[in-house]
Amino acid sequence: MGMDTAERVALVARHTEEVVTEEELRGLLEETEEPTAYIGYAPTGEMHIGHFTTMRKLADFVEAGLDVTVLVADLHAHLDDEKSPLELLDARSEYYRIAIEGMVEAAGADPDAVTFTRGTDYQLEEPYTLELYRLLADTTISRAQRAGSEVVRQSENPKLGGLVYTLMQSLDVATLEADIAYGGIDQRGIYMLAREMLPDHGFGKPLCVFAPLLSGLSGGKQSSSDRSSGVFLTDDTETVEEKIDGAYCPAGEVADNGVLEYLQRLVFPILGVRDEPFVVERPEEYGGDLTYESYEPLEADFVSGDLHPADLKPAAAAAIDEVIGPVRDRLLDRPDLLARAYPESRD
RNA sequence: CCGCCCUUAGCUCAGACUGGUAGAGCAGUCGACUGUAGAUCGACUUGUCCCCCGUUCAAAUCGGGGAGGGCGGACCA
């Protein structure tokens with residue numbers, strides 16, 4: 001590919017919350033033919049649209065020539081307050097893999113360009129375990145707690161698992177030989193710990209790319225334990241419409257506006273890949289239909305009041321529904337898998 | 001190994017001493033008002049009171065046993 005370093009840097013860094021550091025990224029892409037990037041997902045609850053927006057970036061990585069690995073961190077799913085019982089790790093790992101492949105494909109990349117690995121593939125082996133013990137011996141409780149405070153479930157009586165979690169995730173970066181650790185900005189604490197600890201243990205210092213997190217539809221943060229806080233990949237069309245219709249969306253306001261964020265971070269990037277516009281159908285009495293090629297003009301119209309939430313919402317719901325459609329079809333095609341992965345919550 | 005405390009609505013908890021099959025706040029649902037949602041009013045829903053046995057006309061409440069969770073002590077060749 002004829003992409004120069006500046007273009008690759010821009011591609012890797014676009015639509016991110018933070019890159020640590022940009023200088024290191026430039027250096028890496030200059031010196032390394034095919035740098036490696038990894039992202040880990042703990043297979044806990046059902047996947048939602050927030051996962052999708054984070055995942056979409058993998059298409060940029062692939063296009064920029066990175067070697068991308070997705071870790072399905074099954075042991076982490078158990079270590080974090082037993083969110084997933086050990087018996088369900090196989091089923092949930094498979095569900096996550098299929099969902100992730102679907103999202104990567106929907107984002108316009110070839111799922112085969114992404115390497116999948118599972119935590120249990122290597123985290124129980126001796127070299128990893130021994131190195132983990134070294135890290136455990138070398139890390140204070142408060143340091144590990146602080147690193148994981150945005151990721152691991154917090155409680156009045158925290159378990160040791162949540163502390164080991166952060167060290168394992170740090171060690172994963174080294175074990176998977178990732179030049180770049182990628183994740184949501186909530187992962188920042190853990191990867192800063194990794195940057196601090198790994199060099200002391202003879203490993204390289206990873207650079208980090210962080211994706212922004214989506215607001216929930218009710219204004220707060222999106223939560224996978226609250227089904228109404230966001231759109232899930234298995235939500236049907238009617239549910240998507242209801243959720244978007246019920247979303248917090250004050251006219252003219254961008255802050256904490258989940259509908260706008262979904263459009264900016266998910267819908268437009270994917271429409272962009274397909275070279276399709278976003279169309280708002282609007283009654284003549286309010287000015288007729290609108291067409292947007294990119295997010296910025298839409299936000300401008302929204303802020304100025306030219307685009308009313310009541311017109312935006314149905315259009316957004318339709319677009320979101322269409323975007324998740326292929327992933328949903330893949331998942332609903334495997335009702336057995338969903339039933340095994342989530343035996344309690346499925347009908 | 002010993003002792004003490006906790007377990008009630010989705011969440012945080014009151015009620016237990018002085019037995020009469022349960023309440024508040026938040027959340028949620030539904031209306032009103034907005035060309036959406038929210039905010040604000042108005043209305044409404046929610047329970048194996050951790051489990052088992054016993055006392056009693058009657059047990060969330062009293063007694064015994066058990067489970068889960070928390071705290072402390074003891075042991076330390």
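So that the names make sense, note that chain A is the first sequence line, chain B the second, and so on, each numbered from 1. Keep in mind that this is a model prediction, so the values were computed, not measured.
- As a whole-Å value, the separation of K159(A) NZ from G69(B) P is 8 Å.
- Look at the C1' atom in both U61(B) and G20(B): the space between them is 11 Å, to the nearest Å.
- Here R340(A) does not pair with D90(A) in a salt bridge; the nearest charged N to carboxylate O distance is not below 4.0 Å.
- A gap of 15 Å separates the P atoms of A14(B) and C62(B), to the nearest Å.
- Counted by atom type alone, D138(A) and H201(A) present one or more donor-acceptor pairs between their side chains at under 3.5 Å.
- With both pairing distances under 3.5 Å, C62(B) is matched to G54(B) as a Watson-Crick or G-U wobble pair.
- Figure legend. A37(B) is base-paired to no nucleotide; pairs are counted as Watson-Crick or G-U wobble with both atom distances under 3.5 Å.
- Spacing between G47(B) and G10(B) at atom P, rounded to whole Å, works out to 8 Å.
- Rounded to an integer number of Å, the gap from I320(A) CD1 to U36(B) P is 19 Å.
- Remark: the separation of the C1' atoms in G31(B) and U18(B) is 44 Å, to the nearest Å.
- Nucleotides A77(B) and G3(B) have their C1' atoms positioned 26 Å apart, rounded to a whole Å.
- Using Watson-Crick or G-U wobble geometry with both donor-acceptor distances under 3.5 Å, U7(B) finds its partner in A67(B).
- Distance CD1 (I244(A)) to C1' (G38(B)): 15 Å, rounded to an integer number of Å.
- Nucleotide G23(B) forms a pair with C13(B), judged by Watson-Crick or G-U wobble geometry with both contacts under 3.5 Å.
- Around the CD atom of E23(A), the shell of radius 6.0 Å holds more than 12 heavy atoms that belong to other residues, nucleotides or ligands.
- There is no side-chain donor-acceptor pair under 3.5 Å between Q187(A) and Y182(A).
- Checking G42(B) for Watson-Crick or G-U wobble geometry (two distances, each under 3.5 Å) identifies C30(B) as its partner.
- Taking atom OH of Y286(A) as the reference point, atom C1' of U36(B) lies 11 Å away to the nearest angstrom.
- For A251(A), counting side-chain heavy atoms from C-beta on, the closest listed nucleotide (U36(B), A37(B), G35(B)) is U36(B).
- Checked by distance alone, N157(A) brings no side-chain donor or acceptor within 3.5 Å of a matching partner on the base of G69(B).
- In this structure, CD of E285(A) is placed 12 Å from P of G35(B), rounded to the nearest angstrom.
- Distance check on atom C1': C52(B) versus A67(B) gives 10 Å, rounded to whole Å.
- Separating the NE2 atom of H308(A) from the P atom of A37(B) is a distance of 10 Å, rounded to the nearest angstrom.
- A salt bridge does not link K205(A) with E24(A): none of the charged nitrogens is closer than 4.0 Å to a carboxylate oxygen.
- Using a 3.5 Å distance cut-off with no hydrogens or angles, the side chains of T239(A) and D236(A) do pair a donor with an acceptor.
- A59(B) and U48(B) have their C1' atoms separated by 15 Å, given to the nearest Å.
- Atom CG of D245(A) and atom P of G38(B) are 9 Å apart (whole Å).
- Atom CD of E156(A) is separated from atom P of G68(B) by 20 Å (rounded to the nearest Å).
- With a 3.5 Å ceiling on both atom-pair distances, the Watson-Crick or G-U wobble partner of G72(B) is C2(B).
- One P atom belongs to A27(B), the other to C41(B), and the distance between them is 12 Å to the nearest Å.
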